[in-house]
Amino acid sequence: MKKNVARTKAGFQGRLHFQPEAPEPASAPKEPPAPKELRRATAESLAQKQREISVSEFFSKNRHLLGFDNPQKALLTTVKEAVDNSLDACEEAGILPDLVVEIRQLSETRFVMAVEDNGPGIVRPQIPKIFGKLLYGSKFHSLKQSRGQQGIGISAAGMYGQLTSGKPTRIWSRVSSDRPAHYYEIRIDTNRNLPTVVKDEKAEAWDRPHGTRVEIEMEAIFKKGRRSVDDYVQQTALANPHASIRYLNPLGESFEYPRAASELPVEPREIKPHPYGVELGMLHSIITASRAGTIKRALQREFCRVSEKVASEIIEKAGVSGSKRCRELGMQEAEALLKSIQQTKIMAPPTACLSPIGEQLILEGLKARLPADFYTSTSRSPSVYRGNPFQIEVGLAYGGSLPAEEPMELYRVANRAPLQYQQSACAILRAALTTDWRSYGLQQPRGALPVGPVALFVHMASVWVPFTSESKESIAHYPEIIKEMRLGIQECARRLSAHLRHHRRQAEESKKRSYIEKFIPHIGIALGEILALNRAKQQEVVSLLTETLERSRQ
Ligand SMILES: Nc1ncnc2c1ncn2[C@@H]1O[C@H](COP(=O)(O)OP(=O)(O)O)[C@@H](O)[C@H]1O
Ligand SMILES: [Mg+2]
């Protein structure tokens with residue numbers, strides 16, 4: 001502050017240098033001590049601080065993005081990541097999955113979760129990277145339906161375990177019965193996003209002929225009820241009728257979900273990207289990186305549904321030479337190609353990359369799980385958003401002992417994996433909310449789900465489910481997706497409405513019949529008295545009346 005005074009003085013006196021400060025007289029009032037001057041950063045000092053951020057460091061700070069925002073959810077997310085991987089691996093290897101899910105409690109807030117499968121196992125050199133490095137996986141680059149996508153699941157779960165318990169991830173894996181099983185302990189070096197192998201040894205005692213077991217110790221909370229691991233495992237069994245799951249929870253309860261279908265789902269095929277789904281930068285980098293030689297051949301080779309004829313049409317409209325080398329494609333030419341792609345009629349992508357659950361199995365699953373008295377299901381035909389094929393399946397259960405006074409129960413499933421959290425952000429909720437349930441005979445408060453004994457199951461199968469975050473809890477609001485969901489829901493709701501109308505008619509009829517049965521004998525007696533009929537005549541009149549009324553009722 002003093003310096004400022006001096007500066008002002010200097011300025012006031014029209015001089016550019018500082019005045020030396022005169023010593024203060026002893027009697028002058030004491031001023032508060034001057035604060036230390038703020039040292040401003042310079043480009044150089046900033047440069048010293050600038051450095052790369054490792055992806056694991058990023059996600060350890062932002063663990064909520066991966067579904068580890070509280071100890072209860074962290075436990076569910078960990079189980080989910082491990083179960084997703086086990087089911088994916090078994091299906092890819094053509095093995096009917098036999099899973100064991102175990103959660104043991106060590107202390108009030110410390111748990112160990114273990115998931116074991118009979119899958120193909122993991123080869124030794126891959127183990128450290130899979131469990132000790134984020135963004136490492138086999139599914140990110142392939143356009144094929146699978147539960148995992150980003151290559152972030154199991155390593156992130158291991159990282160959470162390590163951060164909260166200090167313990168490494170423990171893995172047992174065996175690739176075939178003529179090779180020994182191996183046991184590993186893997187840590188993740190979060191600063192460098194690299195694995196550290198703590199242990200790697202033979203595990204003779206592990207007797208599965210092939211498969212993998214993952215154990216993660218972590219801080220967690222186990223709760224029953226909605227969004228519990230119990231619920232999740234049950235819904236996983238519903239969406240995966242071909243899997244057999246044994247589940248032991250920390251309360252000592254065990255649940256067996258035997259497989260309801262003895263065949264594996266149709267194996268999804270990998271496809272190439274569809275031209276309608278690419279953006280400029282991606283188109284440019286796909287073509288320049290292609291080994292097809294010319295731009296025209298690259299279009300045919302790197303994308304699906306581009307025949308020789310379609311490629312010629314695209315190139316011609318764009319005014320680009322088809323025989324130009326891939327490497328030489330400029331950004332402006334790429335832009336012209338993209339415009340031309342959008343104006344060219346190209347067949348929808350092949351749908352063999354999808355593996356829906358199927359109407360029959362959805363129906364069987366609902367019947368096994370929900371005590372209703374009406375069930376229906378539908379599989380829509382495949383559709384496309386942003387060039388990605390997807391397929392919507394819907395199941396509905398009504399009546400029986402489902403709670404009659406509560407809002408509809410919604411089961412959301414993406415690529416056969418149940419979604420538990422963030423319902424309010426999900427396209428499935430939007431589709432259910434914007435369906436006019438009143439026109440199908442249900443009560444629906446404004447802006448809410450219908451109320452009644454009804455449960456709705458919606459499955460989205462796709463090569464790329466557009467999740468709203470890395471924790472994969474809700475599906476983004478693409479209009480094409482919501483439209484398909486609504487159409488599927490409406491189809492099931494129409495069948496429900498027919499069932500309800502039939503039911504109501506039957507109820508009315510039986511009410512009428514009971515009136516007839518109740519009052520006609522009395523009419524018979526009265527007529528008998530008025531007309532002085534004998535008993536036989538009176539009986540005859542009663543039968544005649546009943547017959548006439550029955551006929552008119554029908
Ligand atoms: N139980 C398992 N059996 C066989 N392979 C597995 C298993 N778990 C994980 N993997 C392999 O490790 C990779 C990384 O898994 P993950 O980090 O969960 O990412 P993502 O599932 O998204 O690919 C998978 O892509 C898969 O190839
Ligand atoms: Mg995974």
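Order of listing sets the numbers, starting from 1, for every ligand and every atom in it. Computed over heavy atoms, backbone and side chain alike; hydrogens, waters and symmetry mates excluded.
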Quiz prompt | Between D189 and T196: side-chain donor-acceptor atoms closer than 3.5 Å | solution = no
Quiz item: Measuring from the heavy atoms of Q149, does anything fall under 4.0 Å of ligand 1?
Solution: yes
Quiz item: Quick one: does H459's side chain have a donor or acceptor within less than 3.5 Å of a partner on R412's backbone?
Solution: no
Practice problem: Name the closest protein heavy atom to atom 27 (O) of ligand 1, giving the residue it belongs to and the distance to 0.1 Å. | Solution: S138 OG, 2.6 Å
Exercise. Check for a donor-acceptor pair, side chain of S173 on one end and backbone N or O of G211 on the other, with a separation under 3.5 Å.
Key: yes
Self-check item: Stepwise side chain to side chain contact (heavy atoms under 4.5 Å, CB included) test for V458 and I392
Solution: CA-CA 7 Å; V458 181; I392 299 296; 4.3 Å; yes
Exercise. Identify the protein heavy atom lying closest to atom 21 (O) of ligand 1, giving its residue, its atom name and the separation to 0.1 Å.
Key: K139 NZ, 2.7 Å
Quiz prompt | Under 3.5 Å donor-acceptor, T78 side chain and A74 backbone | solution = yes
Self-check item: For atom 13 (C) of ligand 1, the protein heavy atom that lies nearest, with its residue and separation
Solution: G137 CA, 3.8 Å
Practice problem: Among all protein heavy atoms, pick out the one at the shortest distance from atom 19 (O) of ligand 1; state its residue, atom name and that distance to 0.1 Å. | Solution: G151 CA, 3.0 Å
Quiz prompt | Residue part near ligand 1, for I154, under 4.0 Å between non-hydrogen atoms | solution = both
Quiz item: Looking at atom 7 (C) of ligand 1, what's its closest protein heavy atom, distance included?
Solution: I122 CD1, 3.8 Å
Quiz prompt | Any donor-acceptor N/O pair, Y375 side chain to L370 backbone, under 3.5 Å | solution = yes
Self-check item: Identity and distance of the protein heavy atom lying nearest atom 14 (C) of ligand 1
Solution: Y136 O, 3.3 Å
Exercise. Evaluate the ring planes of F68 and Y160, with Trp represented by its six-membered ring, and classify them as parallel (under 30°), tilted (30 to 60°) or perpendicular (over 60°).
Key: parallel
Practice problem: Note the single closest protein heavy atom to atom 11 (C) of ligand 1, along with its residue, its atom name and the distance in Å. | Solution: I130 CD1, 3.6 Å
Quiz item: Which atoms of ligand 1 are found less than 4.0 Å from any heavy atom of I152?
Solution: 17 (O), 19 (O)
Self-check item: Contact flag Q149/the Mg ion (ligand 2), N/O/S atoms, threshold under 2.8 Å
Solution: no
Quiz item: Closest non-hydrogen protein atom to atom 1 (N) of ligand 1, residue and atom name please, with distance?
Solution: D117 OD2, 2.9 Å
Quiz item: Are any of the side-chain heavy atoms of E217 and E215 separated by less than 4.5 Å?
Solution: no
